[in-house]
**Student:** 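Before anything else, here's the structure in question.
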Amino acid sequence: MPELPEVETVKETLKRQILKNRIIDVKINYPKTIEFPTVEEFKKQIKNQKIVDIKRRGKWLMFELEDYYLLSHLRMEGKYNIKPTDTIQNKHEHVIFVLDNKFELRYQDTRKFGKMHLIKKEEVYDRLPLSELGLEPNDENLTVSYLKEKYKNKNLPIKTVLLDQQIIVGIGNIYADEILFLSKINPLKKSKTLTNKQLQLIIDNTKIVLEKAIKAGGTTIRSYTSSEGVHGLFQHELLVHGKEGEPCKDCDETIVKIKVGGRGTYYCKKCQK
DNA sequence: AGTGCGACCCGAACGC
DNA sequence: TGCGTTCGGGTCGCAC
């Protein structure tokens, strides 16, 4: 389940592997992965493009090519494998980028939820999916007044708005629980009723949780070998998420699980009033 | 406009 | 080699 830290780790790993390689062909085994443009246009346009750089915006991986950006969202289970051309394809490798060095970059996604876009470089930030994204967690413009403005017309629980990628990018279901636990805020609390102090705590803890997870992703990533996938691991220490029935790390109260906006939500009733 | 929910997927976990 | 059902995760599209 890649969230921002996992995407960051994948980005760094791939940069060490495939920069400067040229895509000489692409095979698309599951066409619905390609969201834009059409599969035929996608194939035609990406052919013979060199991979110049790899970036990230929110949870989107951005392969910078010569004329295009290839945007790739891993959703829950997307990962990239780099394998020699003659390696048998496994059944979950849906998009195969044939490189000019006898290797292939293969997008593997068991759940088939991941999406790709191929967009002209000059347009990439001005059109979907990147145009609507909110601030990166480490953006200096992420302030209490920014959140106040964004939250003022919403009547939703803070847990729900933390997942809104149009406000802050990169927070997924797991990290949202962790951020609220550290901030001692009830996930059901309406976001527009939060105090300045609580909003500042959310900002601080968002940065802390995501940066810590990026570091953990960097240290636990499996190194690439020909038979192994390149993918982010999610192995850092979680405080509340998934801990239903276990004692709170702070007060020993039993962690409970509820649904907020349809999403499994874990919290401590005593610490997060 | 904001809000809620089903759809998209399939492996794992669960219930019997 | 048990089998059918439920769940979850991020995002979008649709209905209200």
Side-chain angles (χ1 to χ4, degrees), chain A residues 1-11 28-37 39 56-62 71-80 90-95 107-117 119 127-134 136-137 147-180 187-193 206 209-210 213 217 229 231-236 238 240-245 255-267:
Chain A
M1 34 190 130
E3 300 195 34
L4 183 149
E6 286 71 23
V7 179
E8 183 67 22
T9 302
V10 173
K11 183 200 80 179
I28 298 169
N29 300 326
Y30 184 72
K32 287 172 81 172
T33 303
I34 311 302
E35 202 149 59
F36 181 88
V39 170
R56 178 192 61 73
R57 175 78 173 97
K59 301 176 191 176
W60 287 91
L61 261 184
M62 304 173 67
L71 305 182
S72 172
H73 197 303
L74 308 176
R75 296 287 178 96
M76 278 72 73
E77 305 204 357
K79 39 187 78 89
Y80 279 94
N90 79 43
K91 69 169 179 172
H92 298 300
E93 288 175 339
H94 304 308
V95 182
Y107 178 67
Q108 170 177 334
D109 186 352
T110 309
R111 291 282 196 282
K112 298 181 172 174
F113 269 19
K115 298 294 177 194
M116 294 182 191
H117 292 239
I119 296 182
R127 55 180 299 165
L128 292 174
L130 300 191
S131 58
E132 300 291 318
L133 292 179
E136 292 286 332
L147 288 186
K148 267 195 138 62
E149 175 66 23
K150 291 290 183 181
Y151 292 175
K152 73 178 181 189
N153 292 325
K154 292 190 188 298
N155 191 31
L156 293 169
I158 179 61
K159 164 75 185 260
T160 301
V161 302
L162 278 182
L163 297 173
D164 186 342
Q165 303 298 303
Q166 294 190 34
I167 301 175
I168 305 173
V169 296
I171 301 173
N173 196 40
I174 295 166
Y175 293 126
D177 286 357
E178 298 296 304
I179 289 163
L180 290 173
L188 289 166
K189 180 115 177 123
K190 291 290 186 0
S191 61
K192 63 168 149 188
T193 70
T206 296
V209 166
L210 293 180
H231 59 275
L233 290 186
F234 185 68
Q235 279 195 352
H236 70 285
L238 295 177
V240 278
H241 190 89
K243 307 292 187 187
E244 183 183 20
I255 300 297
V256 295
K257 180 184 184 184
I258 61 172
K259 289 258 186 200
V260 180
R263 317 300 306 280
T265 298
Y266 301 81
Y267 77 108

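Computed from a predicted structure; not experimentally measured.
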**Student:** Measure from NZ on A/Lys32 to P on C/dG13 and round the result to the nearest Å.
**Tutor:** 13 Å
**Student:** Students often get this wrong, so: under 4.0 angstrom with heavy atoms, is A/Asp109 touching a base, only sugar-phosphate, or nothing?
**Tutor:** nothing
**Student:** Do any side-chain nitrogens or oxygens of A/His73 fall under 4.0 Å of OP1 or OP2 in C/dT11?
**Tutor:** yes
**Student:** Rounded to whole Å, how long is the line connecting atom OH of A/Tyr107 with atom P of B/dC9?
**Tutor:** 13 Å
**Student:** On the nucleotide C/dT11, are OP1 or OP2 found under 4.0 Å from the side-chain N or O atoms that A/Gln165 carries?
**Tutor:** yes
**Student:** Scan side-chain atoms only and decide if A/Tyr107 and A/Asp109 contain a donor-acceptor pair under the 3.5 Å cut-off.
**Tutor:** yes
**Student:** Given B/dC8, B/dG11, B/dT3, identify the nucleotide with an atom nearest to the side chain of A/Phe113.
**Tutor:** B/dC8
**Student:** So which nucleotide from C/dT11, B/dG4, B/dC9 ends up closest to the side chain of A/Leu156?
**Tutor:** B/dG4
**Student:** Under a 3.5 Å cutoff, is there a donor and acceptor pairing between the side chains of A/Asn29 and A/Glu93?
**Tutor:** no
**Student:** With a cut-off of less than 4.0 Å, is there a side-chain N or O of A/Lys115 near OP1 or OP2 of B/dC8?
**Tutor:** no
**Student:** Between A/Lys192 and A/Asn153, do the side chains contain a donor N or O and an acceptor N or O under 3.5 Å apart?
**Tutor:** no
**Student:** What is the distance, rounded to the nearest whole Å, between atom CE of A/Met76 and atom P of C/dC12?
**Tutor:** 13 Å
**Student:** Students often get this wrong, so: under 4.0 angstrom with heavy atoms, is A/His92 touching a base, only sugar-phosphate, or nothing?
**Tutor:** sugar-phosphate
**Student:** Does this structure show an ion pair linking A/Asp164 with A/Lys150, if we count only N-O contacts that are shorter than 4.0 Å?
**Tutor:** no
**Student:** Could you check how far OH of A/Tyr266 sits from P of C/dC7, rounded to whole Å?
**Tutor:** 12 Å
**Student:** Considering only NZ, NE, NH1 and NH2 on the basic side and carboxylate oxygens on the acidic side, decide whether A/Glu136 and A/Arg56 come within less than 4.0 Å.
**Tutor:** yes
**Student:** Could you tell me the separation between the CD atom of A/Gln108 and the P atom of B/dC9, rounded to a whole number of Å?
**Tutor:** 17 Å
**Student:** Looking for any heavy atom pair under 4.0 Å, which part of the strands does A/Gly262 touch: base, sugar-phosphate only, or nothing?
**Tutor:** nothing
**Student:** Which nucleotide wins on minimum distance to the side chain of A/Lys112, given the candidates C/dG9, C/dT11, B/dC10?
**Tutor:** B/dC10
**Student:** Watson-Crick or G-U wobble partner for B/dC5, using a 3.5 Å limit on both distances?
**Tutor:** C/dG13
**Student:** At under 4.0 Å, does any side-chain N or O of A/His241 touch on OP1 or OP2 of C/dG9?
**Tutor:** yes
**Student:** Nearest whole Å is fine: how far is C/dC12 P from A/Glu132 CD?
**Tutor:** 9 Å
**Student:** Below 4.0 angstrom from OP1 or OP2 of C/dG8, is there any side-chain N or O of A/Lys257?
**Tutor:** yes
**Student:** Can you tell me if A/Lys154 and A/Ser191 form a side-chain donor-acceptor pair at under 3.5 Å?
**Tutor:** no
**Student:** Is there a side-chain contact between A/Lys259 and the phosphate of C/dG8, meaning an N or O under 4.0 Å from OP1 or OP2?
**Tutor:** yes
**Student:** Figure out the CG/C1' separation between A/Leu188 and B/dT3, and round it to whole Å.
**Tutor:** 16 Å
**Student:** Does a side-chain N or O from A/Arg111 land closer than 4.0 Å to OP1 or OP2 of C/dG10, or not?
**Tutor:** no
**Student:** Could you state the CZ-P distance from A/Arg75 to B/dC8, rounded to the nearest angstrom?
**Tutor:** 13 Å
